[in-house]
There are 2 protein chains.
Amino acid sequence: MSDLKQDTERNILQAASRVFIKKGMGGTRMQEIADEAKINKSLLHYYYRSKQLLFEAVFKNTMLEFIAIISKIFNSDEELKIKIPLIVETYTDYLGKNPYIISFILRELQSEPKIILKIVEMIEIKFFKFFNQVAQEVSEKKIKEIKPEHLFINILSLTIFPIIAKPLIRAALMKGDNEKYMQFIEERKKVVADFIFSAIY
Amino acid sequence: MSDLKQDTERNILQAASRVFIKKGMGGTRMQEIADEAKINKSLLHYYYRSKQLLFEAVFKNTMLEFIAIISKIFNSDEELKIKIPLIVETYTDYLGKNPYIISFILRELQSEPKIILKIVEMIEIKFFKFFNQVAQEVSEKKIKEIKPEHLFINILSLTIFPIIAKPLIRAALMKGDNEKYMQFIEERKKVVADFIFSAIY
DNA sequence: TATAAATTTGACCAAATAGTTAAACTAAAA
DNA sequence: TTTTAGTTTAACTATTTGGTCAAATTTATA
């Protein structure tokens, strides 16, 4: 495979990612991807046979990146007291900088049962370490009794939801002011970390 | 306006709601709505001029219902110690029974800035009572220091996120088992209430 | 350089889909 | 009963859109 071919292929995938992540599978037109990549529409079909296959390549990529980032944060070696504020801060920053990614994943998973199954294995094994750590610290009475899965989902809920509900929150609580919303998210780094801390210690 | 006409109009709106809420604006075909309502496609255009207008009617309806339910729960008269577990339980039940509604709202808000503006006023005034109550109980040292907006969003996060992330959670944590997922959500009624309780008392 | 292979393009096709229109039908009013 | 207004339908249109294909162009190989 020549360098040029690799370039074109990557160029297409990146352009497709930008468009798909913003507009979703249903809202994206092949022509729009071609424009974004500054190439002919036929080239999309030359490298990726169909819209569906191109979408799956994008989705898989996005999902892998997301899982990599999330599991890296959750599976570091610090004890929870150190780790949880770190998770909240790092994760809030990441989501704030890539606000479309999580909405994209959740939106597409809502209607794509086939892709899910393929991705299950990638995910389920990744959080054993964190789960074990929580179970361990519970049994040592370092933190209050809580099932690791629930603590895990609580952390994700508190960090992810405010990002995907941005339009709603900004409209309902900030009268449409984007600055106020961003400040609110910034505040949450400390608020959420304190909230979880109070809840489990 | 005759009874028949009202019936047809309502029938269309309800059919459209069912389809739009599941598949979204982009994913819905007018023919599908016509089939769901068991009428001719032209009738849709007779009563609602265009897909866009029909969609807006559905969205507005859905939003109003959602806001009504959520504000009713948040603005009741009990003190927080009683109210919060009630919010969590009632709200988890409602979301569990209507899992598509919140995904629908968030999904469509992601790409519809015009509709948002129209709906802002409806929302922003609705939660003063709850906000004041939280501020009050904080100042009386009944609960720990926290901004009302953050407590509000924390409660919503912890209840809503696990619903919209259902496919992800089920796949990653329950190996695809729907029963386990539903049991998990049921468990959360107590877990989340306890979690918040520990965090603010 | 000449030939073959890979890459890129523009023109085109078929299916899907929102929307239109005129005719048919229904029910109430005159 | 006849007329009129409101309702419903079938057939049609225009446009969008995913996808194809043969020709043109570029790159690699003999």
Side-chain angles (χ1 to χ4, degrees), chain A residues 1-62 104 107-108 111-115, chain B residues 1-62 104 107-108 110-112 114-115:
Chain A
M1 202 189 285
S2 72
D3 286 359
L4 193 59
K5 173 161 181 175
Q6 279 197 27
D7 274 5
T8 308
E9 204 169 331
R10 268 231 314 280
N11 177 33
I12 289 176
L13 197 69
Q14 288 172 351
S17 292
R18 289 192 292 273
V19 181
F20 272 134
I21 286 176
K22 255 191 205 155
K23 310 206 167 180
M25 168 69 173
T28 294
R29 307 298 98 143
M30 291 295 267
Q31 187 57 56
E32 207 173 347
I33 296 174
D35 292 347
E36 176 80 19
K38 296 193 168 63
I39 51 150
N40 191 285
K41 184 163 70 82
S42 306
L43 256 195
L44 301 178
H45 290 94
Y46 177 75
Y47 283 99
Y48 302 83
R49 283 188 58 76
S50 65
K51 185 184 182 184
Q52 182 64 29
L53 288 174
L54 177 53
F55 172 78
E56 283 172 20
V58 167
F59 185 82
K60 192 179 167 186
N61 249 21
T62 308
F104 168 71
R107 187 199 319 152
E108 300 303 332
S111 57
E112 287 290 341
K114 296 163 206 160
I115 299 178
Chain B
M1 202 191 285
S2 72
D3 286 359
L4 192 59
K5 174 162 180 172
Q6 279 196 25
D7 274 5
T8 308
E9 203 168 332
R10 267 233 314 280
N11 178 33
I12 289 176
L13 197 68
Q14 288 172 352
S17 292
R18 290 192 292 273
V19 181
F20 272 133
I21 286 175
K22 255 191 205 155
K23 311 205 166 182
M25 168 68 172
T28 294
R29 306 297 99 146
M30 291 296 267
Q31 187 58 55
E32 206 174 345
I33 295 174
D35 293 347
E36 176 80 19
K38 295 193 168 63
I39 50 151
N40 190 286
K41 184 163 70 80
S42 304
L43 257 194
L44 301 179
H45 290 94
Y46 178 74
Y47 284 99
Y48 302 84
R49 283 188 57 75
S50 65
K51 185 185 181 184
Q52 182 64 30
L53 288 174
L54 176 53
F55 172 80
E56 283 172 21
V58 167
F59 185 83
K60 192 179 168 186
N61 250 21
T62 308
F104 169 71
R107 188 198 320 150
E108 300 302 333
Q110 214 79 27
S111 57
E112 287 291 342
K114 296 162 205 162
I115 300 178

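Lettering follows sequence order; numbering is per chain, from 1. Just so it is clear, the values below take in all heavy atoms, side chains as well, and ignore hydrogens, waters and symmetry mates. Keep in mind the model is a prediction, meaning the values are calculated, not measured.
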Next on the checklist: I'd like to know whether A:Asn40 forms a side chain to side chain contact (heavy atoms under 4.5 Å, CB included) with A:Tyr46, so could you lay out the CA-CA distance, the side-chain angles of the two residues, the decisive distance to 0.1 Å, and finally the verdict.
Outcome noted: CA-CA 10 Å; A:Asn40 191 285; A:Tyr46 177 75; over 6 Å; no
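- Residue A:Tyr47 has a polar side-chain atom (N or O) positioned under 4.0 Å from OP1 or OP2 of C:dT8.
- Rounded to an integer number of Å, the gap from A:Asn11 CG to C:dT8 C1' is 13 Å.
- Taking atom CD1 of residue A:Ile39 and atom P of nucleotide D:dT26, one finds them 17 Å apart after rounding to whole Å.
- The CG atom of B:Asp35 sits 12 Å away from the P atom of C:dT17 (whole-angstrom rounding).
- One can place OH of B:Tyr48 at 15 Å from P of C:dG19, the figure rounded to the nearest angstrom.
- Side chain of A:Glu108 to main chain of A:Met25: a donor-acceptor pair is present (N/O by atom type, distance under 3.5 Å, no hydrogens or angles).
- The distance from atom NZ of B:Lys23 to atom CD1 of B:Ile33, rounded to the nearest 0.5 Å, is 10.5 Å.
- Separating the CG atom in A:Asn61 from the CD atom in A:Gln14 is a distance of 9.5 Å, to the nearest 0.5 Å.
- The CG atom of B:Asp7 sits 14 Å away from the P atom of C:dA27 (whole-angstrom rounding).
- Applying the 4.0 Å criterion to OP1 and OP2 of D:dT7, one finds that B:Tyr46 has a side-chain N or O inside that range.
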### Task
Could you go through the ring pair (Phe, Tyr, Trp, His ring centres under 6.0 Å) check for A:Phe20 and A:Phe55 one step at a time?
CA-CA 7 Å; A:Phe20 272 134; A:Phe55 172 78; 5.2 Å; yes
Pairs: protein N or O with nucleotides 15-19 of chain D N or O, under 3.5 Å:
from, atom 1, to, atom 2, distance (Å)
D:dT17, OP1, A:Arg29, NH1, 3.0
D:dG18, OP1, A:Thr28, O, 3.4
D:dG18, OP1, A:Lys51, NZ, 3.2
D:dG18, OP2, A:Met30, N, 2.9
D:dG18, N7, A:Lys41, NZ, 3.4
D:dG19, OP2, A:His45, NE2, 3.3
D:dG19, OP2, A:Lys51, N, 2.6
D:dG19, N7, A:Lys41, NZ, 2.7
D:dG19, O6, A:Lys41, NZ, 2.7

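- Applying the 4.0 Å criterion to OP1 and OP2 of C:dT8, one finds that A:Asn40 has every side-chain N and O outside that range.
- Note: CG (B:Leu43) to P (D:dG6) measures 16 Å, nearest angstrom.
- Side-chain N or O atoms of B:Lys51 include one that pairs as donor or acceptor with a backbone N or O of B:Thr28 at under 3.5 Å.
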